[in-house]
Amino acid sequence: MNGFRVEKILPVKKKGKIMKNKVLVVDDEKEIRDVLSKALTRIAGFYVDVAENADEALRKIEKEKFDLVLTDLKMPGMDGLQLLSEISKLDPDALTVMMTGHGTIDSALEAMKRGASDYLMKPLNLEEIIVRLQKVLDERRRFVRLRDFATQLEKANQELRRLDAMKSEFVSVASHELRTPLAAIKNAVQLLLSGRTGVINETQTKFLTMAERNINRLTNILNNLLSLSRIESGKMEMDFKELNLKEVIEFVINSLKLDADNKSIQIKRDISDSIPKVYGDSEKVEQILTNLIGNAIKFTPEGGKILITAKPFQTEGEIYKEMVSISIQDNGIGIPQEHLSQIFEKFHQVEGSLHRSTGGTGLGLAITKGLVEAHQGKIWVESELGKGSTFTFTLPISEGERREPSFRTILDREFKRAQEGFSHLTLFLIGVPNHEGRVDDTVLDQLEKTIKKCLCRKADILFKHKKERFIAALCETDLKGAQIIQERIEEEVKKFVPIGLDKALTIRVGRATYPDEALSKRELFGKAKENLRG
Ligand code: ADP
């Protein structure tokens with residue numbers, strides 16, 4: 001008995017023109033080889049080759065590429081399971097299907113564990129064999145198509161990111177360059193208006209005042225564009241400190257008091273004295289508050305009310321568990337429901353006479369969101385048309401020196417980018433083992449310069465973690481690229497003798513790559529740190 005149960009064999013219909021699949025049948029029984037070879041060639045339309053043992057099969061696989069290897073389990077010499085392991089070393093892409101005939105499911109499962117795509121139990125049914133092999137091959141085709149598609153998408157995505165970076169760079173340079181001549185024009189107009197260059201009449205004053213107002217508006221737009229391009233390109237510098245939120249809020253309210261008074265708008269606050277200190281960049285937090293309170297004033301009619309509240313806020317977030325939430329509530333014109341989801345997008349403005357009459361560029365909330373996110377915070381809005389709006393954002397509570405939010409911000413941002421762009425991200429941590437405590441800021445600076453030489457791409461990010469005394473590098477590279485960069489770094493640091501020290505320091509490199517070795521940022525950082533410690 002050759003192990004076959006031949007039932008009605010359905011001919012396989014071929015749709016369109018398909019490339020012939022190459023199948024290698026490995027079995028020590030000649031009869032099985034012959035039957036399978038015939039059936040798979042004639043009925044399934046495969047190109048079939050045969051081998052009578054594992055050694056012959058491996059020799060053939062070395063010479064020729066097969067789409068699928070159909071192998072028996074029990075063979076003299078190397079058995080089917082060993083053959084599977086050898087094939088996966090030789091050609092990891094080859095599909096394998098195991099034929100088992102010895103009543104146990106265990107070896108079939110073991111075959112699947114070793115990478116087989118499917119298994120077939122003897123007695124074999126030719127119709128079933130063909131259907132199962134075709135299914136395995138179809139799945140592979142779909143997988144390859146998807147993989148190619150993902151590669152194309154990744155390429156397109158990279159190109160888009162490159163163009164986006166170029167655009168941000170252009171906007172940044174252009175706005176920067178435009179600000180200087182604009183400042184000179186403003187000076188000239190102000191000089192004329194002051195009367196120091198000669199007496200000016202009423203009409204001239206009127207036109208010069210109009211010019212000054214427009215210059216201020218233009219300066220504002222340029223500043224906004226510059227801020228946004230800095231946020232988008234990740235070049236915004238943050239100066240994190242412990243902040244007394246109550247003081248910052250009072251400062252901003254004071255600076256906007258005149259605008260509020262002009263519209264008889266009352267600004268109330270509900271901020272407890274015991275509100276914890278936050279960890280933020282004071283200038284940026286001021287800018288966030290100025291934008292939100294400024295908008296509340298702008299979009300609230302005469303005699304309206306604004307309430308500013310600050311209270312502790314708990315999140316389930318990965319990094320900062322404890323936050324403070326700050327709300328700016330107004331009883332102004334409100335925002336239509338359909339605009340709420342896009343209100344933080346750049347250039348988004350609500351159409352309509354009430355909104356339009358206030359001017360603006362539609363950049364304020366996009367910048368505000370970027371600034372809040374640079375603090376690891378979140379921002380959202382609740383609003384009802386005609387009743388008012390409440391904008392709420394969160395900031396992390398300060399835990400003093402322990403935190404280095406700027407590093408976390410960068411890691412967060414780059415990780416998100418890699419996730420969204422389906423790209424790789426390798427985190428390198430370069431530091432001196434604990435027992436060599438001679439790493440001061442200047443040594444760290446010199447080390448940073450040395451590491452910089454080892455990174456090849458402009459997009460690679462280098463970060464000096466002063467508190468924990470290590471240099472972190474983030475590179476968009478896979479395991480292979482990471483290995484090369486690590487070798488380069490190790491080569492360079494071997495020669496690194498800091499000025500003032502007489503011998504080279506022992507410097508260690510720890511690294512981890514997403515998604516190959518770590519699937520979350522926490523894991524990425526944890527693994528790199530573990531490797532740094534050795
Ligand atoms: P700008 O105010 O410069 O137009 P923003 O990005 O700050 O740009 O705001 C975008 C739009 O969101 C505004 O044009 C306005 O339509 C709406 N908006 C913002 N804040 C409020 C608010 N407090 N009340 C009503 N509408 C608001």
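The structure displayed is predicted, hence computed values, not measured ones. In listed order, ligands and their atoms are each counted from 1.
Between L292 and the options I306, I379, D330, a side chain to side chain contact (heavy atoms under 4.5 Å, CB included) holds for only I379. When the options E345, Q349, H348 are evaluated for a side chain to side chain donor-acceptor pair (under 3.5 Å) with H339, the one that passes is H348.
Residue H348 has no N or O atom closer than 3.5 Å to an N or O atom of ligand 1. Looking at ligand 1, you won't find any N or O of I333 less than 3.5 Å from one of its N or O atoms. For a threshold of 3.5 Å applied to N or O pairs, the pair formed by G364 and ligand 1 contains at least one separation below that value. Considering both main-chain and side-chain atoms, G362 comes within under 3.5 Å of ligand 1 through a nitrogen or oxygen pair.
Contacts classified as salt bridge (charged side-chain N to carboxylate O under 4.0 Å, His left out) and involving residues 145-159 (residues at least two apart or in different chains) are given here: E159-R162. For the ring pair (Phe, Tyr, Trp, His ring centres under 6.0 Å) condition, the pairs that include at least one residue of residues 513-534, sequence neighbours left out, are F407-F525, F415-Y514.
Residue I335 approaches ligand 1 through these ligand atoms, each under 4.0 Å from one of its heavy atoms: 25 (C), 26 (N), 27 (C). Taking every heavy atom of G334 and a limit of under 4.0 angstrom, the matching atoms of ligand 1 come to 25 (C). Close contacts between ligand 1 and I343 involve ligand atoms 12 (O), 17 (C) [criterion: under 4.0 Å to a heavy atom].
From L307, atom CG reaches atom OG1 of T390 across 8.5 Å, with rounding to the nearest 0.5 Å.
Taking a 4.0 Å cut-off on heavy atoms, S389 registers as neighbouring ligand 1. Ligand 1 does not have N291 within reach: every non-hydrogen atom of the residue lies 4.0 Å or more from it. Ligand 1 is never approached by F344 to a heavy-atom distance shorter than 4.0 Å. The shortest separation from a heavy atom of K298 to ligand 1 is under 4.0 Å, placing the residue in contact.
Neither the backbone nor the side chain of H339 has a heavy atom within less than 4.0 Å of ligand 1. With a 4.0 Å cut-off on non-hydrogen atoms, V350 touches ligand 1 through its backbone as well as its side chain. The proximity of T368 to ligand 1, defined as any non-hydrogen pair under 4.0 Å, does not occur for either the backbone or the side chain.
With respect to the salt-bridge test (charged N to carboxylate O, under 4.0 angstrom), the residues E373 and R413 do not qualify.
Taking the six-membered ring wherever Trp is involved, the centroid distance between the rings of H375 and F393 does not fall below 6.0 Å.
Of the possible polar contacts, one joining the N201 side chain to the Q204 backbone as a donor-acceptor pair under 3.5 Å is found.
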> Do R179 and N223 pass the side chain to side chain donor-acceptor pair (under 3.5 Å) test, and can you show the C-alpha distance, the side-chain angles, and the key distance before you say yes or no?
Replying inline: CA-CA 8 Å; R179 277 200 314 180; N223 287 342; 2.7 Å; yes
